[in-house]
**Student:** 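Below you will find the structure I want to go over with you.
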Amino acid sequence: MEYIVENNNILVNDYIDFDIEHILECGQCFRFYKQSDKDYLLIAYDKILRVTQGDNKIIFHNTNTNDFDTIWTNYFDLGRDYGNIKKVLSNIDEHLHKAVSEKGGIRILQQDTWETLISFIISQNKNITHIKILIEELSKKYGTYIGEEDNVKYYSFPTIEQLSAASEQDLRDLKVGFRAPYIVDACRKVINKEVDLVSLASMEIEEAKNELMKIKGVGPKVADCVLLFGAKRYEVFPTDVWVKRIMEHYYFNKDTKIKAIHEFAVEHYGTLAGFAQQFLFYYARDFKIGKK
DNA sequence: ATCCAGGTGTCCT
DNA sequence: AGGACACATGGA
């Protein structure tokens, strides 16, 4: 990505396949705060970044070339040609064509594996608003203070060591509910190396999924989310209630088992299944496709 | 008020 | 193997 440095900002002109609203609001991440239209504050990798986007310009505020080249280029997956991905997906069928054309600014963020793991354990049986609140509380209580913007203090997501200090009761006090023992189990197994998060990127996909599912509270859906959003495994297809509804609406026209939908999607979308899932998920959620 | 939320573990048959 | 049901909490 070509950019210009101006004061403490990085400016990008005429960039396509990038819409900060699509990227952050599509459901893949939780630590962002909308300031105004196409103007967001986000927390990732112990940094606070403000991104504003106009018609032909993206501004990454208060950053520098070093952070941009070493953190944000990877985080926003800027090395990948989303134009080509969208072209291939659009040619698969009309439904994907529609989703891709409506939500064409999505990019799959390269998030931290550990943060993704805990975030998606928390996500089960909760709506996105509440997931964001819980992750915020967890960061406030166990993370590290990283700075202040407009009189609001921000905290990094807790490290494995930091979160390991929390007991099940501590976590229940933070209102994570029945997920408390799951978080404790994740801390224990990751810190003991019973579960190896680093090798998820290179394992056979089924093996990687099983590795994550050693953790209590991690089933096929959470594992797929961690692999897609936190381990660059784009061949997975996280299948939740939303994806189930839209897939039934488009491809089955009747009540269908999640397992059958998942198998169909992995086969149908192949190595781009993860991208397909995210376009479909965001599109379906935004337009309430298949919602009763 | 009842139901549901980016599911999963456990207990049944 | 596959189907109910419980699980915490908050918002519609």
Side-chain angles (χ1 to χ4, degrees), chain A residues 22-32 99 103 106 108-109 111 113 115-138 141 166-189 195 209-231 233-234 236-250 254-263 265-266 273-292:
Chain A
H22 292 180
I23 291 169
L24 297 177
E25 303 276 7
C26 73
Q28 61 178 322
C29 64
F30 304 104
R31 302 210 65 199
F32 61 91
K103 299 299 182 187
I106 289 179
I108 305 281
L109 297 170
Q111 301 180 69
T113 317
E115 176 171 345
T116 317
L117 171 62
I118 300 301
S119 298
F120 282 93
I121 285 175
I122 288 172
S123 78
Q124 61 185 263
N125 236 69
K126 283 223 159 291
N127 59 45
I128 291 184
T129 317
H130 199 226
I131 298 165
K132 289 170 76 168
I133 294 170
L134 285 179
I135 292 172
E136 203 50 44
E137 292 300 308
L138 217 57
K141 181 102 191 258
S167 68
E168 182 178 329
Q169 190 55 50
D170 292 336
L171 294 166
R172 283 187 189 274
D173 292 344
L174 281 180
K175 310 296 182 190
V176 304
F178 63 82
R179 304 158 192 80
Y182 301 165
I183 295 171
V184 170
D185 194 57
C187 286
R188 192 176 63 80
K189 287 185 175 141
V195 171
K209 210 161 158 172
N210 288 331
E211 181 75 3
L212 283 164
M213 284 167 41
K214 288 181 193 167
I215 298 167
K216 239 183 189 333
V218 177
K221 191 271 174 182
V222 170
D224 275 353
C225 284
V226 176
L227 290 168
L228 177 58
F229 303 131
R233 299 304 298 257
Y234 303 105
V236 300
F237 191 84
T239 310
D240 66 357
V241 287
W242 281 100
V243 175
K244 173 171 153 52
R245 282 199 288 256
I246 188 175
M247 295 297 282
E248 283 171 347
H249 180 80
Y250 283 149
K254 60 179 166 56
D255 190 41
T256 309
K257 300 280 172 286
I258 288 213
K259 193 157 178 279
I261 292 170
H262 182 264
E263 279 171 17
V266 167
F275 298 101
Q277 190 272 2
Q278 203 54 24
F279 283 109
L280 289 169
F281 173 77
Y282 186 37
Y283 173 67
R285 191 162 58 87
D286 209 18
F287 291 89
K288 303 196 183 332
I289 305 287
K291 180 86 174 167
K292 290 162 289 190

**Student:** Closest-nucleotide mapping onto DNA chain B: is A/K216 or A/C29 further toward the 5' terminus? I mean the 5' end.
**Tutor:** A/C29
**Student:** Answer with yes or no whether A/K221 presents, from its side chain, a donor or acceptor under 3.5 Å of a partner atom in the base of B/dT8.
**Tutor:** no
**Student:** Go through C/dG10, C/dA8, B/dG6 for me and flag the one nearest to the A/K175 side chain.
**Tutor:** C/dG10
**Student:** What residues in residues 115-124 of chain A put a non-hydrogen atom under 4.0 Å from any atom of DNA chain C?
**Tutor:** none
**Student:** What is the separation between atom CD1 on A/I133 and atom C1' on B/dA5, rounded to the nearest whole Å?
**Tutor:** 13 Å
**Student:** On the side chain of A/N127, is there an atom forming a donor-acceptor pair with the base of B/dA5 - under 3.5 Å, no angle test?
**Tutor:** no
**Student:** Name all residues meeting the side chain to side chain donor-acceptor pair (under 3.5 Å) criterion together with A/K189; count only those two or more places apart in sequence or in a different chain, and write none if there are none.
**Tutor:** A/D185
**Student:** Flag the pair A/S167 / A/V184 as yes when at least one side-chain heavy-atom distance between them is below 4.5 Å, and no otherwise.
**Tutor:** no
**Student:** Sort me out a list of protein N/O and nucleotides 1-4 of chain C N/O pairs below 3.5 Å, or just none if empty.
**Tutor:**
none

**Student:** Between A/R285 and A/E25, which heavy-atom pair has the shortest distance, and what is it?
**Tutor:** NH2-O, 2.6 Å
**Student:** Taking the inter-plane angle between the rings of A/H22 and A/Y282 on a 0 to 90° scale, is it parallel (under 30°), tilted (30 to 60°) or perpendicular (over 60°)?
**Tutor:** perpendicular
**Student:** Expressed in whole Å, how much space separates the P atoms belonging to C/dA8 and B/dC11?
**Tutor:** 14 Å
**Student:** Please verify the inter-ring angle class for A/Y182 with A/F178; under 30° counts as parallel, over 60° as perpendicular, anything in between as tilted.
**Tutor:** perpendicular
**Student:** What is the distance, rounded to the nearest whole Å, between atom CZ of A/F237 and atom P of B/dG6?
**Tutor:** 17 Å
**Student:** Take A/D255 and A/K244, measure what salt bridge (charged side-chain N to carboxylate O under 4.0 Å, His left out) needs, and give me the verdict at the end.
**Tutor:** CA-CA 9 Å; A/D255 190 41; A/K244 173 171 153 52; 3.0 Å; yes
**Student:** How close or far is atom P of B/dT8 from atom CG of A/D185, stated in whole angstroms?
**Tutor:** 14 Å
